[in-house]
2 protein chains.
Amino acid sequence: MNANKIPDIIIGRLPVYLRALQRMADSGLKTTSSQELGELVGVSAAQIRKDISQFGEFGKQGTGYAIVYLIEKLRGILKVDKIWDVALIGAGDMGHALAHYQGFANRGFRVVMVFDNDKSKIGKNVGEFTIEDTAHLVERIKPAGIKTAMLTVPATAAQSVADQLIQAGVKAILNYAPISINVPNNVKVQYIDPSIHLQRMTFYL
Amino acid sequence: MNANKIPDIIIGRLPVYLRALQRMADSGLKTTSSQELGELVGVSAAQIRKDISQFGEFGKQGTGYAIVYLIEKLRGILKVDKIWDVALIGAGDMGHALAHYQGFANRGFRVVMVFDNDKSKIGKNVGEFTIEDTAHLVERIKPAGIKTAMLTVPATAAQSVADQLIQAGVKAILNYAPISINVPNNVKVQYIDPSIHLQRMTFYL
DNA sequence: TAGATTGTTAATCGATTAACAATC
DNA sequence: TAGATTGTTAATCGATTAACAATC
């Protein structure tokens, strides 16, 4: 298994498989098949098998995959068998929702810091966090060794905050700002923009 | 131009082009090239040209694309040259953030109804909306002709709410619930799950 | 005109599917 | 054993890139 050779499109499907498997495990199921999992997530059985087999032989002919075992393997592959500290920049409505979000538990992440550049917000609390000044972002994130951040600032601020995050050593940015940002090759960005996602569907209406 | 022949992966890039073009227009630019736009959004110039040329000849040799004209065309293609009414189901933190979200303006959408099944929330206000009972979802959405909805309910409720939305005639669902849902072929779903997006990046850390 | 840039073709590259031997 | 299902190969399908004539 050489990470460099695995297509990113396969990596993108693994978290979806993992989510479905965890749900199966929660409901008490012990084993599943590529066909059953495929129906659940909307992917062909052949593709499920091909994707998983990139990383090892985790199934058994005749019986399929042991769910808990496969979950362990996928968590290891995706490196979410540990908890990643996440910095949140932008304490608007979306930032608040993410600071309170329960969906990071057991998925490998926890928010540990919240920043904003609005003087009227700095020092206030969001859930269990005290909003810090974005001006201190680098000096706070770098020594903490934080590699992951979520960006919920206005589009106009996104690139400059992203630059600071990169300077602070962040290598993965989940960008909620409605703008494409430029980052070095060794930094990953994922985009969440509800308008973009909706516009992708209206074409078919 | 036959919609059925356009690959979905191209449709998925058009909103990103549109977003960048609108930003260019806002900053006063008049024309752009496939190369300039490509650098901005992280796509090759050849791909930009190929994607756009699926729908017509919108550029000019030597000078490139007139930004406002291309915006008009893309908005027409994506059918966001009108405003789509959107129903929001789930008035938790994420639902509140989306109800207040300013980012739908000028992008083709507006939230018009908010539902929840929590008796303690029904009747309360979220921004300009009064939270309605999910039990009345079909009878409210269907006569209003709403085709687009956002789902911010718990995973356990997602499939049954999706079924009701489909019954109400909704054809496009933006699903924030952390679970894959099954829908008929003529209904589109897009998924937003911050943990999934983060897990897609931790592989590379 | 000379330079720039499109739209499109052909070539390349990559992803998905079908099929089946291996084997639990 | 018989049935089920994996892992993998080869074939198919689809997407991206490179290159360039057309032309603004």
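Order of the sequence lines fixes the chain letters, A, B, ..., with proteins taken first and strands second; residue numbering starts at 1 for each chain.
Closest approach of B:Q102 and B:H100 over heavy atoms only: NE2-O, 2.9 Å.
Checked by atom type and distance alone, the side chain of A:T134 never pairs as donor or acceptor with a backbone atom of A:I89 at under 3.5 Å. Formation of a donor-acceptor pair under 3.5 Å by the B:Q54 side chain with backbone atoms of B:K50 is found in this model. For A:W84 (side chain) and A:I146 (main-chain N/O), no donor-acceptor pair under 3.5 Å exists by modelled atom type.
Sequence order on DNA chain C of the closest nucleotides to A:K60 and B:T63 puts B:T63 first from the 5' end.
Checked for salt-bridge contact, B:D85 and B:K147 miss the test: no charged N lies under 4.0 Å from a carboxylate O.
Where DNA chain C meets chain A (any atom under 4.0 Å from a heavy atom), the bounding nucleotides read 5' to 3' are C:dA15 to C:dC24.
Side-chain atoms of A:H96 and B:H96, non-hydrogen and from C-beta on, never get closer than 4.5 Å to each other. Here the side chains of A:V111 and A:F104 are in contact, with some heavy-atom distance below 4.5 Å. Two residues are said to be in side-chain contact when any heavy atoms from C-beta on lie closer than 4.5 Å; A:K171 and A:K188 fail this criterion.
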Subject >> Strand DNA chain C in bracket notation, Watson-Crick/G-U under 3.5 Å with | for pairs to another chain >> reply: ..||||||||||||||||||||||
